[in-house]
Each structure stands twice: as structure tokens, then as C-alpha cells.
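Shown next, in C-alpha cells, is the structure this report addresses.
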Amino acid sequence: MADYKHTLNLPETEFAMRGNLAQREPEFLKRWDDMDLYGKLRQAGAGKPLFVLHDGPPYANGDIHLGHAVNKILKDIIVKSKVLSGFDAPYIPGWDCHGLPIELQVEKKKGKAGVKISPAEFRKACREYAMRQVEGQRKDFKRLGVIGDWDHPYLTMDFKFEADIIRALGRIIDKGHLHKGAKPVHWCIDCGSALAEAEVEYEDKTSPAIDVRFEVLDEAAFMAQCQHVPGKSGKGPLSVVIWTTTPWTLPANQAVALNPELDYVVVQTDGIGEHVPERLVIAHALLEDVMARYGQEHYHVIANVKGQALEGLKLAHPFYEREVPIILGDHVTTEAGTGAVHTAPGHGQDDYVVGSRYNLKVDNPVDGSGKFVPGTPLLEGQHVFKANDAVLDILKTKNALVHQAALRHSYPHCWRHKSPIIFRATPQWFISMNQQGLRKTALEQIKQTQWVPSWGEARIIGMVENRPDWCISRQRTWGVPIALFVHKQTNEPHPRTNELIETVAKRVEEKGIDAWFDLEPEELLGAEAKDYVKVTDTLDVWFDSGVTHYAVLKQREGIEANPVADLYLEGSDQHRGWFQSSLLTSIAMYGTAPYKAALTHGFTVDEKGHKMSKSKGNGVEPQKVANTLGADILRLWVAATDYRTEMSGSDQILKRTADAYRRIRNTIRYLLSNLYDFDPAQHALPADKLLSLDKWAVARTAQLQDSMLQDYEKYEFHHIYQKVHNFCAVDMGSFYLDITKDRQYTTQKDSHARRSTQTAMYHIIEAIVRWLAPILSFTAEETWNFIPGQRNESVFLNGWYQLPVVSLDGELAMQDWARIIEARDAINKELEQLRVAGGIGSGLAADVTLYCGREIHDLLAKLGDELRFVLITSTATIQPVSDAPPAEAQHYTLRNGDEMWVAVSPSAHTKCVRCWHHREDIGVNSEHPELCGRCVENVVGSGEQRRFA
RNA sequence: GCCUUGAUAGUUUAAUUGGUAAAACACUCGACCGAUAAUCGGGCGUUUCUGGUUCGAGUCCAGAUCGAGGUACCA
């Protein structure tokens, strides 16, 4: 048998079938670094319309996890797609560097600031620690193929940034949003300082649980609000009874809270203990429990009243000469107690919130060491927990104690000392939501912003509507100072605050935040210094990151006057966090939101939808994925997953993604391998000279590209993934590439038929490589250099591909090809039947006869002899239905109603050794006895002509 | 507890205004041996559950279950 293989145009390429991504990707990273891709992108972008995706800073602590990877990859996909769409899209990554978690890490190694180590040294250690964290995270982010200004990221601890935080604060003060107030904080008596939420742990503790009378002052006014039970009149004193587990907070009591919706009763008792008959006010739902607790068997309800009706009525404090009002709050429940809650705004978060609604005094008679301050009647100098007994004694003396018991319950403790902590009001700084209309403007601006997904709007509106004033002060070491001098008497900031802040900012720009902590007030205030106190509180770190629009957007991304980014993109937790802190500071400073659109992605969860955690061992580490499957697989997973809800990730799911990747990669490889001898400059045919099927392929590609560009526009990457994959597997793999294989391989190298396919393939690969670039960045860059023709050094330095416009209006239109595909599917089913029956192996061993209804007949007839190439069979004959299909022919009804009978049979002819078609005309040329006529023509003749396929 | 949000084949995603549940992957059976750790063909769902509205519900309504994010409370 003669060997004709050398007369075929078999595919060849150096583009590896296996990606070897984990090993190869670092080479591309180096290449991008060496060519300064980011710098080149900026140069190329000069003058183009700007698209700013402003990066939200991750916290500089710990290794990056899958959620970080998702966030950065989504941002990268968007930035890159905008570049391809012709925008100048800078990307400046940043880090959040101050704050408690870093302090705690440093404290573990160096000890507590101000105790074992000076605050200045402590801050230095924090700065060094944060820097190391940034290095580690930067390395991991870069490894994922994220392109950005990694050499010049923004760090909230840069001296310049720290100075700008102070300037931003100055501007907010200037606009009148700051106020000083008091707020209860967790306070450890042993530490002598406030604790952050993260430093509090909950443990069981036994406390005295007491019921206390608050006598009604104006009995007539009270009873007037009630509905009396007929025939029941009462006698004896009338009191509202509260229940508390912290007797020591009673000195700070300012009110008694009832639930407006609850039913309360006035109950007549015979007398509790040795006391005389009296009337008590209790929530109806708790009446039986309470009476049982008091040991009362004989009692009766004499009146009913809604909590609502009692608002504002005055009660007597149990042991001070003080009138306290009845107030209303939804936090009052019937789970425990009496339905009436002792309210001390200085000693509880809830009491503070409800108290601020009623303008109650935030009284805190307890000092930092837990003792009642001088001047506290009856209790001065006593330690709060020991004062419990004293309070009980006083209550007994005043006949105010109804009942007492011990209660074991969960109670906050200091994580260092394991000792119970207290709530204690301390002076704090706030950004007011209302005094300059911040809340109102924020709500207006939220409506001006595009939220993706749209429910983000309702979410953040709900939060902004309900949030209290923003407490921006912390009593911490590693943070940007609230650089104010306040008057010793008035507590007011210095009148020249504006100017002082700029002076301080300049110093901080030189020396960092220590410039403030080291500052002697005299240096700036001179003789006035004796009247002022230098504030040493630090800012909430949410303030730091909240002003990146000022410190970064305004100063580095080419947006000057009023920094507004095109897009902020973060996880859904940031409606509470960065989206909000950025919104509030921006409005306080400029009156507008800092972003035009805010996009949120869900959290990463495992395949069952449960959150990832170390203890469950269901986590996916991005570093590990990059080093085994490759970063492109992780990127493909991010793109393939609908980020609007939770994103499921697991080893299984990533393996599926890797399988899908291989399909895409092999399609690319096959296209490249068929272009090894193709030079577009020399061989490309004009669009109107292409074969019909090749026109279809180009048109299909263009169609898909249009819809994909819309998907990029709408940030719906999972649709792009589905479309690309489907294109590779269906349009290309099972149809176009399968059919054109014969033409590629068997026609003459430089024939019109072959150059036509190559032209189509060339356009297709030029398009695909760009579709993929934002997602499979490494693979696209690798592909870029394998595509024939002149090209620049990176796929990212290009726009989307302009596919040639093809017109299929001639004999076969797009919908005609769709119907041909439909007919082909039916024929494939029959071929499979024959194959299973053992009649044939390859489809090329079969003859097909079709008995067709009118329309499909006319359509297939247009293909003439080339129908067999479309069906990939040796012969394909069409007959009208009137020719009476044989019994063995299978009947199909096509979508347009046309009928078709399909008959398949093994070919009677021998197989051409070159093209593998079974043909009657094998051996027509005696010099090539094993070849069919067509192959003879292609080997020694002038080559076959094709029109359609 | 409250606010926001989700649930479609083993997996990832589709399904205009309610109108026969669609792909791909995986799996499986087979073919090919000129994309070969590749390629081609054939095969697989009570749309989480329970009710309701409707001629008709994945889609609308009510409730439940399980999950995610945020927030509050434990006086």
C-alpha cells in the first residue's frame, strides 16, 4: 500500500496540548513584569476615555483566601475587558493597614503597648508587620494573573495617606459633621481600658437577679390611661416593677422602658413578704410567672393597659430623689423579667440607643477602675461588683426590693484577664447622621447609584436609614490620630482647627502618625496650650479605607475635583463596610457618592452551600490551586460561577473546570495547528470569496462576539464561559471543525478550498483569543504568539477583533445552515444505529439516502455532491418523498414541519487510502490504484473545487 | 429575633410578558486510530417541600425546610 500521508496537510503546532499551567504561568508573569505591561497599558490608554475600578483594600493580615481571590479576579476581568473595549482602565491595588487585628498579632510577640513596649516602638512593629503581610498578599495576588500597579499600591499606612486621612477628617469637621458625645463601651476594669468586640468573650457568670419597685408618682394620671376591670378597685401603693441582673447600674437609671405593643396589667396583691397590700404593673404575658416567683397565690387584675399609653408618665427612682420617665422600646420582650426594663444609657448599648431617642442623660458614675466616682450618693468609692450588695441593702431600706435570686447566665469577659467586664459610657467622637443632613443626602445619593445586583440598593438603604451616628474614635495605638486640640472646659475643638490640621498633616506626611503622638501642644499652640488637651484617640479603621476616594482616586487616578469612580466591587458584607464608609465620608466631604456603580459578589461556600472553615476542612486555597491546576483554572472557575449569590467551590468543582479548560485549549490548539502554513497577509481570502460553510463560521463567530461583548458590559461572565465553551464543543468541535477536516487535509495546500477554511479559522482564533484574554489571561497570552501574522507583544495591547462582515444572503443563509444541522442530527442517529448493529465503524463507511419533504429537499439539493462532506459519509443521495421511502428508512419530522426519511447502509465500495471515503471511482487512475478520483485530482491534477463545504 | 438574599439533572449554567424544562461537563455505551492523556456519535430530570391562583406555574401568591451575608439582644 502506497503511503500518501505526505500528500496530506495534517495539522502541526508547537502549542502544547497540555497547559502545564502551574509550571508555565510564572514565565508569563515574568514576561509581563519584564515588558512592564502595566506601564505599556497606561501609555496605550493615554487619551482614551477613562474607566476607573477603584480597588477596595483587603486587610493586611494573613494569607489570602478564596474570597480574596474571587474579588481580585473579578476586578481583573473587568479591568481587562474594559481595556479591550478601548478604555483607559487604571488599576491601583491597595491595603488597609491600621487597626486592631494587627495590634493583636504584634501584641502576641511584643507585649501590650505602654506596658512592655512603648507606644512608638509598638507602632513601628505594627508597621513592619503590616508591610510583611502586604508583601505576602501581593505575591499571591500577582500569581493569579491580576494586572495592576503592584509596584505602587496604596497603603493606608503610607505617610502621605495617613496625612490625607487627617486632611479628610479636617474637611468633614469643617463641613460641620463632627460631634462629641458619650457612648457605652465594653470596659475591662483590670485593663483599665475599653475593649473591642474582638477582645470580648462570653462565659457563664452568676449574678443577682432582682425585682425592683419604681413607684408611680401621679397615680391618677396613670390610672386614667388604663381600662379598669369592673367591680375591682385597688388599694395600696402603685409601682412598676423592673427586673435586672446588674443592681450596680441602678444609680445611673434614667428611665423605665416598656414595649409599646405589649399588654400590661395592674395587679392587686395582698402584700409581698411582710408588706401591706399593693398594686404592681407587670406585662400580662408574664403575670403568672412573676406572681409565682413572688410566691403570690392571691392576686387579681384590676386594670389593663397597652405600653403605648403609658409613655412619658413619671416614676420615682427607688433610692434617689429623681423622677424617671416611662419610655417605649421594641427591645423589651416577655422572655424574662417583668416586661419593664430598667434603663441606664451609660451602662448598656440598648439603653443608650433608646435613651438617645428620648434625650436621656448618659450618666456614668463609674470610673476606669470600676469604682463609683466621688459625689455618687450612698455609693461613692465602692467597686461596682461589691456595690451590688450595698445596692440591695439600700433597696431593702427603701422598701423597693420585691424579690431577689441568683441567676447563672452568659456574660461578657475580658479575653486577657478572664474577668467580667462592664459597660461604661466614655467620651467619643461621632460623625453625625443628621446634624448636617448626612443621612438624607446619603439616601438620595444611593438612589443615584447603580447597584449590581439591584437588591443591593434596598440593602444599603435599610442600613443607612437605621444606623446610629458613626462613632469614629477608638482608644488604640496603631491608628491615625484624631488630630484635634479640645478646650479643657468646653470640650470644643480649637477655633483654628482647620489650619492646625493642615499643619499636622504636613508633619505626618514627613514622619507618619508618630508626628502627632510626639507633638508637644506648645509647638503649635504656644501659650494657649495650657487651655487645650491633645486628643490621643485614633480613628476607626473604616474611616481610613472610607477616604480612599480622597487619598487615591482624587490624587492618583486622574480624577481631580470630585472623585467619582466608575465602579466599586466588593463582597456583599461591604454594604455594611466599605461601600457605606466610603459613601458617608464622600458625602460629608463633597455631597456626592464616590462611585457611579457598586457591584457585589457573594461569599465562597463549599459544594453543599456551607461556608468554608478550617475546622470543617472544606476550604479551597487559591495558592494551592494556582500551584497545581493553575491560576487560569481558578480564573475560569470565577468566571463560570454566577457571583450574584454564593459561589460554590471544591476540589471536585475545580476539576470539572479544568476539564472544561482542556476543551477550550484543544480547540485553540487545533485551530493553530491548521494555520501552520498560513500567512494572513498573503493567503487570507476576502470575505465574499469564502465557501458558504466558512462564511457561516465567521458569521456565527461574529454573532457570538456581539452577545459576549454585551455580557462583558453587563458583567455577566458566567454567560461568556458557557458561550465560549459551547462554541468550542458544539459549533466548532462537532460541526465546523469536524466537517472541514476533510477539506483541510485532502485538498491542495494552496487551494481556494483550503485557504478559505484557514481564513475562517484565522479570524476565529483572533476573536477567541481576545474573548478569553480577560478570563484565561495566561492561556490567551500564550496563544497570542502562536497566531500567524504580525502582532504586538501582548494580547492586552489590543481591542476586540473586528471580524469581517460576511454576507450569507446568497444560496445558503444562517437559518439554512441551522436546518442542515438539524437534518444532520437525525442522520447521525441512524448512523449510530447502523454502527451499533455492526454495519459500519466510521461514518465514512456508510451511504445515506434521504427522502425529503419539499423544503428540506430543495435546501439539501443546493449542496449537490458536497452534501456528503457535510454529513461526513461516503455518499449522500436525496430523493423526493414521492419516491416512496423503503420500509427500513426512519421517519423524522423537522421543526418547520418538513418530513424526512433516512436510510443508511454500509458502502459497497472500497476505501480510498488517502481520504478514507468509500468510492466507486477508486482506481480510475492506474498509477494510483488505491485512490479515488477526487484524490487523484488533488495529488496529480489541478485540485478539486469546492463551493459550500 | 430583625433586614437582605438564594434553592432547576451528579456539576456549572439556560428558560422573552405564566405556555411542550435547554445546553455543556461528568457518567455510560460505542466509533475512530490523520486534534490521540485528543476527537466524533448514542443514552440520563416529581425544577427543595406543602398548599393556593390559573385552561396552563420553574416562573405569581402563602407557608415550611435548608443555606448565605448583615445586624441586634441576652435587661
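Throughout, a chain's letter reflects where its sequence line sits, starting with A, and its residues are numbered from 1. All values below come from the heavy atoms of this structure, side chains included, with hydrogens, waters and symmetry mates left out.
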[Y] and [X] side chains, donor-acceptor separation under 3.5 Å:
X	Y	value
A:W470	A:D540	yes
A:N9	A:Q744	no
A:R665	A:T783	no
A:E716	A:H719	yes
A:E822	A:Y892	no
A:Y670	A:T13	no
A:N938	A:T747	no
A:R459	A:H575	yes

Point to revise | Heavy-atom protein contacts under 4.0 Å, nucleotides 64-75 of chain B, coded B base, S sugar-phosphate only, - none | key: ---BSBSS-SBB

Study note, to complete from the structure: For nucleotides 25-34 of chain B, 5' to 3', base contacts (B), sugar-phosphate-only contacts (S) and non-contacts (-) with protein non-hydrogen atoms under 4.0 Å give SS----SSSB

Inter-nucleotide [atom1] distance ([N], [M]), Å rounded:
N	M	atom1	result
B:U39	B:A26	P	9 Å
B:A21	B:A14	C1'	10 Å
B:U65	B:G30	P	48 Å
B:U59	B:G51	P	14 Å
B:G58	B:A22	P	13 Å
B:C60	B:U47	C1'	16 Å
B:U50	B:A9	P	15 Å
B:U20	B:A62	P	25 Å

Using atom [atom1] of [X] as one end and atom [atom2] of [N] as the other, report the distance to the nearest whole Å.
X	N	atom1	atom2	answer
A:Y721	B:A23	OH	P	17 Å
A:M732	B:C40	CE	C1'	16 Å
A:D606	B:U11	CG	C1'	14 Å
A:Q652	B:U12	CD	P	11 Å
A:Y676	B:A35	OH	P	13 Å
A:N20	B:A37	CG	P	14 Å
A:N828	B:G43	CG	P	10 Å
A:D731	B:A23	CG	P	13 Å

Practice item. Taking the six-membered ring for Trp and the full ring for Phe, Tyr or His, determine whether the centres of A:W771 and A:Y712 are under 6.0 Å apart. Key: no

Check your understanding: Do A:W243 and A:H342 have ring centres separated by under 6.0 Å?
Key -> no

Exercise for review: Indicate the ring-plane relationship of A:F423 and A:H186, choosing parallel, tilted or perpendicular according to the 30° and 60° boundaries.
Suggested key: tilted

Review point. What class does the angle between the rings of A:W248 and A:H347 fall in, given that below 30° is parallel, 30 to 60° is tilted and above 60° is perpendicular?
Key: perpendicular

Study note, to complete from the structure: The dot-bracket string of RNA chain B, counting Watson-Crick and G-U wobble pairs with both distances under 3.5 Å, using [ ] for crossing pairs and | for pairs to another strand, is (((((((..((((.....[..)))).(((((.......)))))....(((((..]....))))))))))))....

Point to revise | Nearest listed nucleotide, side chain of A:N726, among B:A35, B:C40, B:A24 | key: B:A24

Exercise for review: Would you mind telling me which of B:A35, B:G42, B:U13 lies closest to the side-chain atoms of A:T641?
Suggested key: B:U13

Exercise for review: On RNA chain B, check which nucleotide each of A:L831 and A:Q722 is closest to and give me the residue with the more 5' one.
Suggested key: A:Q722

Point to revise | Qualifying residue for side chain to side chain contact (heavy atoms under 4.5 Å, CB included) with A:T338, from A:L258, A:V241, A:T244 | key: A:V241

Revision key, fill the gap. Contacts of A:H718 meeting ring pair (Phe, Tyr, Trp, His ring centres under 6.0 Å) (sequence neighbours excluded), chain-then-number -> none

Exercise for review: Give one of base, sugar-phosphate or nothing for A:T13, where a contact means two heavy atoms less than 4.0 Å apart.
Suggested key: nothing

Practice item. Report which part of the nucleic acid A:T600 touches: base, sugar-phosphate, or nothing (heavy-atom distance under 4.0 Å, all strands). Key: nothing

Check your understanding: According to the salt bridge (charged side-chain N to carboxylate O under 4.0 Å, His left out) rule, which pairs have a member within residues 6-24 of chain A, sequence neighbours left out?
Key -> A:R24-A:E27, A:R24-A:E782

Pick out the pairs of N or O atoms, protein on one side and nucleotides 14-19 of chain B on the other, that lie under 3.5 Å.
residue : atom : partner : partner atom : Å
B:A14   : OP1  : A:H718  : NE2          : 2.3
B:A14   : OP1  : A:H719  : NE2          : 2.9
B:A14   : O5'  : A:H719  : NE2          : 3.3

